[in-house]
Amino acid sequence: MNEWVTAMQARKWMKKNESFLPSWHAYVGSELDLFNEFESARTVEAVSEKTGYPYDLLASWVKVGVAVKHLKKRPNKRYRTSKRRCASLMGKDDSPGVKALLKEMMELHLPTMLKYPEIMRSQERALFDHELHGGVVAETSALLEHFAIKKIKKMIRERNAETIIDLGCGHGGYLRKLALEFPEIQMIGVDLNNKVIDRARELSESFSNIEYVVGDISEWKPREDQKADVVLLHNIFHYIHPDARHQLLDHIHQYVTQRGLVSVITPINETEHGEAFSSAFNSFFVAHSNLFALPNKKELQEISEHCQFDMFDLDPIVKEGSWYTFWLSPSAPVKEMRHTKMAGSSEQTLASQQKEYIRSS
């Protein structure tokens, strides 16, 4: 290939890499609390002396910050954080938001994606450490749930729910938001991670109607006298092997009331929205031995039908990431369905009978 063409192609790729710099700069600044250090105009020397960070490394970070407009030059060699661009990276908020997204991307996603050649050659997949990374994943999941909360609150009111169970509850942020509006509803959060549950209990001390339990959601069940009116199954499917997803829904079917609902939030593969992100996200999951491929719409429909759930209101809540929300409603009891099939009814007739059963129950 002509050397000039090669050089121009390399130049184009170098230009493409510029879009990564703001993410890298924001991650370093949020991890080291540097945006707060430069909240008021200060010199690099002053911040280096206060924090103990090496002057040359800090000065280099500051120069990148000016270039990507995260920092502004001020008189007398001082620099100040751009609050318009970096407000979400400042402060001491207990809900880190953008900081958690950056942390997950830089410490989880990118390192795994960079190991792809090694993983493919060796065929030895990575292992996701739930204890180490469970906290930050819980934070990012809570951010996504925010986009569905209005719809869920509306359904809770319409169903006059008395019990809500959040499977894979993380730090319990979603339950706390619901408890503020529904203090009379009993809520139970279940998560496999002890540290995450300890944090959830700590953050929820003032809520008498929230209980937290350490448990495997594929095995845990409420007490015999309890039934769930609403079950939250948010960002869970990629932790469950595709062959076992129907077993999880079968298990949930045992304790959700006949007029109850399962709220599902999940990224979906092979959709018309956010294809680049969802396919990259899927690549991250399948690179691990204990994480699994994202479901597509066809699989979701098949497993819901297999487990006697009617799926409805499938709707993208974050199109850029191909995150969807939908509901699962318990269908007619298995024995009733079997009787209907034996009587020779068509699938269409069976479906209409299921819907009529739900309306009348």
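Residues take their numbers from the sequence shown, with the count starting at 1.
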Would you call [X] and [Y] a salt bridge, using N to O less than 4.0 angstrom?
X: Lys297; Y: Glu272; value: yes
X: Asp315; Y: Lys151; value: yes
X: Arg199; Y: Glu202; value: yes
X: Arg245; Y: Glu299; value: yes

(message) Once salt bridge (charged side-chain N to carboxylate O under 4.0 Å, His left out) is applied, do any residues pair with Lys12, and if so which ones, sequence neighbours excluded?
(response)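 For Lys12, no residue satisfies salt bridge (charged side-chain N to carboxylate O under 4.0 Å, His left out) once neighbours in sequence are set aside.
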In terms of the angle between their ring planes, are [X] and [Y] parallel, tilted or perpendicular, with boundaries placed at 30° and 60°?
X: Tyr255; Y: His251; answer: perpendicular
X: Phe312; Y: Trp327; answer: parallel
X: Phe128; Y: His130; answer: perpendicular

(request) With the side chain counted from C-beta on, respond yes when Thr140 and Asn235 share a heavy-atom pair under 4.5 Å apart, and no when they do not. (result)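 No, their side chains stay 4.5 Å or more apart.
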(request) Taking the side chain as every heavy atom from C-beta outward, state whether Ile164 and Ile188 have any pair of such atoms under 4.5 Å apart. (result)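 They are not in contact (no side-chain heavy atoms under 4.5 Å apart), so the answer is no.
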(message) Test of understanding: clusters of I, L, V, M, F, W, Y form through side-chain heavy atoms closer than 4.5 Å, transitively. Do Ile185 and Tyr212 belong to the same one?
(response)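 Both belong to a single hydrophobic cluster.
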(request) Is it possible for you to say whether Met90 and Trp61 belong to one hydrophobic cluster, with membership spreading through side-chain heavy-atom contacts below 4.5 Å? (result)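 They do share one cluster, since a chain of ILVMFWY contacts under 4.5 Å joins Met90 to Trp61.
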(request) Could you list the residues that satisfy ring pair (Phe, Tyr, Trp, His ring centres under 6.0 Å) with Tyr27, not counting sequence neighbours? (result)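 Scan of Tyr27 (ring pair (Phe, Tyr, Trp, His ring centres under 6.0 Å), adjacent residues dropped) gives none.
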(request) Please name all residues satisfying side chain to side chain donor-acceptor pair (under 3.5 Å) with Ser263, sequence neighbours left out, ordered by chain then number. (result)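 Expected list: His234.
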(request) Answer yes if the ring centres of Phe292 and His238 are under 6.0 angstrom apart, and no otherwise. (result)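 No.
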(request) Kindly say whether Val66 contributes a backbone atom to a donor-acceptor pair with the side chain of His70 at under 3.5 angstrom? (result)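 Not a single qualifying donor-acceptor pair exists.
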